[in-house]
Protein chains: 2
Amino acid sequence: MNPKAEVILFPKHARQPRQFRQWLASILQTFQEHLGRQGLKLTRQREEILRALMAAERHLGIDELYLSLKRQDPSIGRATIFRTIKLLQECGLVAEVGSSNGRSKFELKADRPHHDHMICVECGRITEFQSPMMERFQDGAIRRHGFVALWHRHEIFGRCRDCLKRRPRG
Amino acid sequence: MNPKAEVILFPKHARQPRQFRQWLASILQTFQEHLGRQGLKLTRQREEILRALMAAERHLGIDELYLSLKRQDPSIGRATIFRTIKLLQECGLVAEVGSSNGRSKFELKADRPHHDHMICVECGRITEFQSPMMERFQDGAIRRHGFVALWHRHEIFGRCRDCLKRRPRG
DNA sequence: CATTCTATTGAGATCGAGTCTCATTATCAA
DNA sequence: TTGATAATGAGACTCGATCTCAATAGAATG
């Protein structure tokens with residue numbers, strides 16, 4: 001396995017406007033198709049929320065999302081954000097990540113390479129890593145159980161390199 | 001990989017009284033040591049809760065635990081159960097499992113083989129599976145990041161065989 | 001464009017898992 | 001037994017998430 005493949009990954013699309021627009025269009029289409037399939041509609045608010053998630057370079061909590069959206073659309077309601085996040089989870093565009101202390105955080109999954117998370121219980125830092133081989137064995141296990149996977153969550157809790165250096169024994 | 005290794009696993013200790021007592025003693029000691037290290041005390045309630053978790057052959061929610069304990073000790077309080085579960089998580093004896101619809105479930109980790117979970121979003125059923133190869137690649141990734149793992153959670157959300165049979169398309 | 005049917009929205013009420021408070025009680029070491 | 005301190009249970013409280021409902025927006029049709 002190539003160690004180079006295991007690195008902290010953040011979307012850099014926002015820095016290349018042309019590519020960002022293409023990315024947005026393709027993801028919007030995915031969302032719209034999901035909505036269409038269930039007789040639901042693509043509204044201004046739903047698009048704004050998806051856009052905010054795409055522009056974010058880190059995991060967002062509901063409240064961060066709410067405050068950031070409120071700036072450009074003061075009338076937006078918390079309930080709409082909860083409802084939209086749920087829709088986005090259903091169609092696999094968004095996944096919940098590390099809900100320590102009761103506050104869920106979310107990230108966009110679409111068009112990003114598969115990755116899992118290591119969460120430091122001391123400083124709270126979330127490190128992303130990839131392991132294609134793990135995915136392969138996981139897929140095998142899923143198939144063998146006749147299960148159809150919608151999304152998955154693989155979180156390793158522990159202490160990160162920096163915290164270990166700072167205090168070798170907790 | 002041997003498919004036989006991937007099967008729903010439940011502790012059968014409860015059916016062999018002698019072994020169960022030994023198991024109980026060894027786990028109680030682990031718990032007591034953890035408490036001692038922090039100047040805390042092993043109380044009747046804490047022992048009852050641990051015992052109930054050990055006797056359970058499946059994942060327990062707080063409420064199930066509460067009701068089952070209430071039968072033999074009507075004065076026990078919910079708060080004590082929350083507090084004790086937290087202590088047991090801290091010393092690695094108990095782990096949270098699949099908190100779909102807001103209700104956390106817990107399982108005893110001690111002396112049980114490593115396993116992960118597949119959670120059906122339709123019927124809520126939790127299927128356990130093992131995949132030693134996945135664990136191996138995971139350990140490699142952890143080591144490469146200089147991380148020290150305390151526990152991990154690997155949950156696959158999707159639809160189980162039975163629900164797929166019942167309603168092929170959600 | 002007007003019409004109609006349905007989905008969506010935001011505000012605020014509501015729910016409920018989990019936490020906290022506090023007076024009382026249990027644990028344990030000396 | 002005693003004294004210091006931790007633990008308990010009841011119920012109040014927190015606060016993230018959900019629900020309700022009247023008003024509004026979207027899409028399809030003529």
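Note on naming: letters A, B, ... go to the chains in the order of the sequence lines (proteins, then strands), and numbering restarts at 1 for each one. Since the structure is predicted, the reported quantities are computational estimates derived from the model, not experimental observations. Keep in mind that the numbers below use all heavy atoms, side chains included, and drop hydrogens, waters and symmetry copies.
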Toward the 5' end of DNA chain C, by each residue's nearest nucleotide, R44(B) or K86(B):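 Here K86(B) is the residue nearer the 5' end.
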
5' precedence on DNA chain C between L35(A) and Q32(B) (nearest-nucleotide basis):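 Nearest-nucleotide comparison on DNA chain C picks L35(A).
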
Just how far, in rounded Å, is [atom2] of [N] from [atom1] of [X]?
X: F106(B); N: dA17(C); atom1: CZ; atom2: P; value: 12 Å
X: D73(B); N: dA7(D); atom1: CG; atom2: P; value: 17 Å
X: E64(B); N: dA17(C); atom1: CD; atom2: C1'; value: 15 Å
X: I49(B); N: dA7(D); atom1: CD1; atom2: C1'; value: 11 Å
X: E48(B); N: dT27(C); atom1: CD; atom2: P; value: 11 Å
X: K41(A); N: dA25(D); atom1: NZ; atom2: C1'; value: 8 Å
X: Y66(B); N: dG16(C); atom1: OH; atom2: P; value: 16 Å
X: R46(A); N: dT24(D); atom1: CZ; atom2: C1'; value: 14 Å

Side-chain touch Q89(A)/F106(A), heavy atoms, less than 4.5 angstrom: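 Sidechains of F106(A) and Q89(A): in contact.
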
4.5 Å side-chain heavy-atom contact, I156(B) and D116(B):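 Result no, sub-4.5 Å side-chain heavy-atom pair not found.
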
Qualifying residues under ring-ring contact (aromatic ring centres under 6.0 Å, His included), relative to H154(B), sequence neighbours excluded: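 Testing H154(B) for ring-ring contact (aromatic ring centres under 6.0 Å, His included), a comparison that skips the adjacent residues, returns H152(A), H154(A).
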
Base of dG18(C) paired with side chain of R103(B) (donor-acceptor, under 3.5 Å):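 It does not, because no donor-acceptor pair links the side chain of R103(B) to the base of dG18(C) below 3.5 Å.
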
Donor-acceptor pair (no angle test) under 3.5 Å: R83(B) side chain, dG18(C) base: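 No, the side chain and the base share no sub-3.5 Å donor-acceptor pair.
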
At under 4.0 Å, does any side-chain N or O of [X] touch on OP1 or OP2 of [N]?
X: S104(A); N: dA17(D); answer: yes
X: Q45(B); N: dA26(C); answer: no
X: S75(B); N: dT8(D); answer: no
X: T43(B); N: dA6(D); answer: no
X: R78(B); N: dG11(D); answer: no

Check: K41(A) main-chain N/O paired with R46(A) side-chain donor or acceptor under 3.5 Å: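 Looks like yes, one N/O pair under 3.5 Å.
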
Contact nearer the 5' end of DNA chain D, comparing I81(B) with G39(B):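 So the residue in question is G39(B).
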
Check ion pair R44(B)-D73(B) (N to O, under 4.0 angstrom):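 Yes, R44(B) and D73(B) are salt-bridged.
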
